[in-house]
Amino acid sequence: MRARPPTFVRFRDVQEELGKSGAAIFRDLDGVESLIIHFPYTVNYIHSYAEDSPFFLGLAEGRLRGSKCRKVKCGFVYATPRSHCMVCGTATEWIDLPLKGRLHSWTTCHFGSEAFLKETPYNLALVEFPGVGSLLLARLKDCVESDLYVGMPVEARFDPNPKYSITDVWFVPSP
Ligand SMILES: [Zn+2]
């Protein structure tokens, strides 16, 4: 009979064991034990960005593209682009956002999806831009949580080998 997988109280140790033997037990703070197995699978996901396409094409060109309400009296600017204005319902137009902004808020993620496992824990930031009415959610790199403060200047960086994914952009502290 196969031996019982080893038990850990830190999930990082579970992840390490999964990489070695493919099975581990995680014991939580209440003493509940969960058997966790390594079960790789892949999916070929064909996905259209449709009206959001200019945003992802822009990332590959080192541009952050937002949208602006076409109604002159409204003119709301979105950092996360929308085809129509949430305030007045009018169609929007594409604009280029500044590449520098400020840290509005952040969270430090100790669990991550597959794309972020290698850099976990990582900081996820809400970035505000001058003259823009909504916030952009992106990773914040080249810093640790204790460096961060609300209002900290940050600037965008782009993947030189774009994947046409939101991971093509992240922010770093701005000097
Ligand atoms: Zn509007």
Side-chain angles (χ1 to χ4, degrees), residues 11-12 15 39-175:
F11 200 77
R12 186 173 294 275
Q15 285 178 304
F39 181 73
Y41 77 97
T42 58
V43 171
N44 286 320
Y45 186 45
I46 298 171
H47 176 75
S48 168
Y49 285 125
E51 290 177 322
D52 293 333
S53 298
F55 175 80
F56 293 95
L57 291 167
L59 296 182
E61 298 170 351
R63 300 164 74 189
L64 270 180
R65 306 201 74 198
S67 60
K68 181 177 181 180
C69 176
R70 288 176 186 266
K71 187 174 181 180
V72 175
K73 283 186 178 173
C74 177
F76 199 96
V77 177
Y78 295 90
T80 303
R82 316 184 64 87
S83 65
H84 288 76
C85 180
M86 286 198 306
V87 177
C88 72
T90 303
T92 63
E93 60 190 0
W94 289 97
I95 58 161
D96 279 293
L97 298 173
L99 300 183
K100 292 187 175 186
R102 291 188 178 275
L103 188 59
H104 179 85
S105 183
W106 74 89
T107 185
T108 301
C109 302
H110 293 271
F111 292 87
S113 61
E114 187 179 6
F116 308 123
L117 276 182
K118 285 181 184 163
E119 56 191 89
T120 300
Y122 63 96
N123 295 306
L124 203 52
L126 279 169
V127 178
E128 59 185 52
F129 301 96
V132 177
S134 70
L135 304 165
L136 186 67
L137 183 68
R139 286 166 302 154
L140 188 58
K141 293 190 184 185
D142 297 345
C143 55
V144 294
E145 188 179 11
S146 57
D147 293 341
L148 307 182
Y149 60 94
V150 169
M152 187 175 85
V154 295
E155 60 187 67
R157 290 283 185 274
F158 299 92
D159 190 336
N161 299 304
K163 319 288 185 299
Y164 302 109
S165 155
I166 191 62
T167 57
D168 287 351
V169 63
W170 60 89
F171 285 78
V172 298
S174 187

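Each ligand, and each atom within it, is numbered from 1 in the order the structure gives.
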Check each of T107, D142, D147, T108 against N123 using the side-chain hydrogen bond (donor to acceptor under 3.5 Å, both in side chains) test, and report the only one that passes.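 Among the candidates, only T108 passes.
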If waters are left out, how many protein N/O/S atoms lie within less than 2.8 Å of the Zn ion (ligand 1)?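 Count of protein N, O, S atoms less than 2.8 Å from the Zn ion (ligand 1): 4.
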Checking the side chain of R70 only, and the main-chain atoms of T92 only, is there a donor and an acceptor separated by less than 3.5 Å?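 Confirmed, R70 side chain pairs with T92 backbone.
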Does K163 use its side chain to pair, donor to acceptor, with the backbone of N161 at less than 3.5 Å?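 Looks like yes, one N/O pair under 3.5 Å.
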Around K141, counting heavy atoms of other residues, nucleotides and ligands shown, do more than 12 lie under 6.0 Å from its NZ?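 Count over threshold, so yes.
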For the residue pair I46 and N44, establish whether any side-chain heavy-atom pair is separated by less than 4.5 Å.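 Contact flag for I46/N44 side chains = no.
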Would you check if L117 and Q15 make a side-chain contact, meaning some heavy-atom pair closer than 4.5 Å?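 L117 vs Q15: side chains touch.
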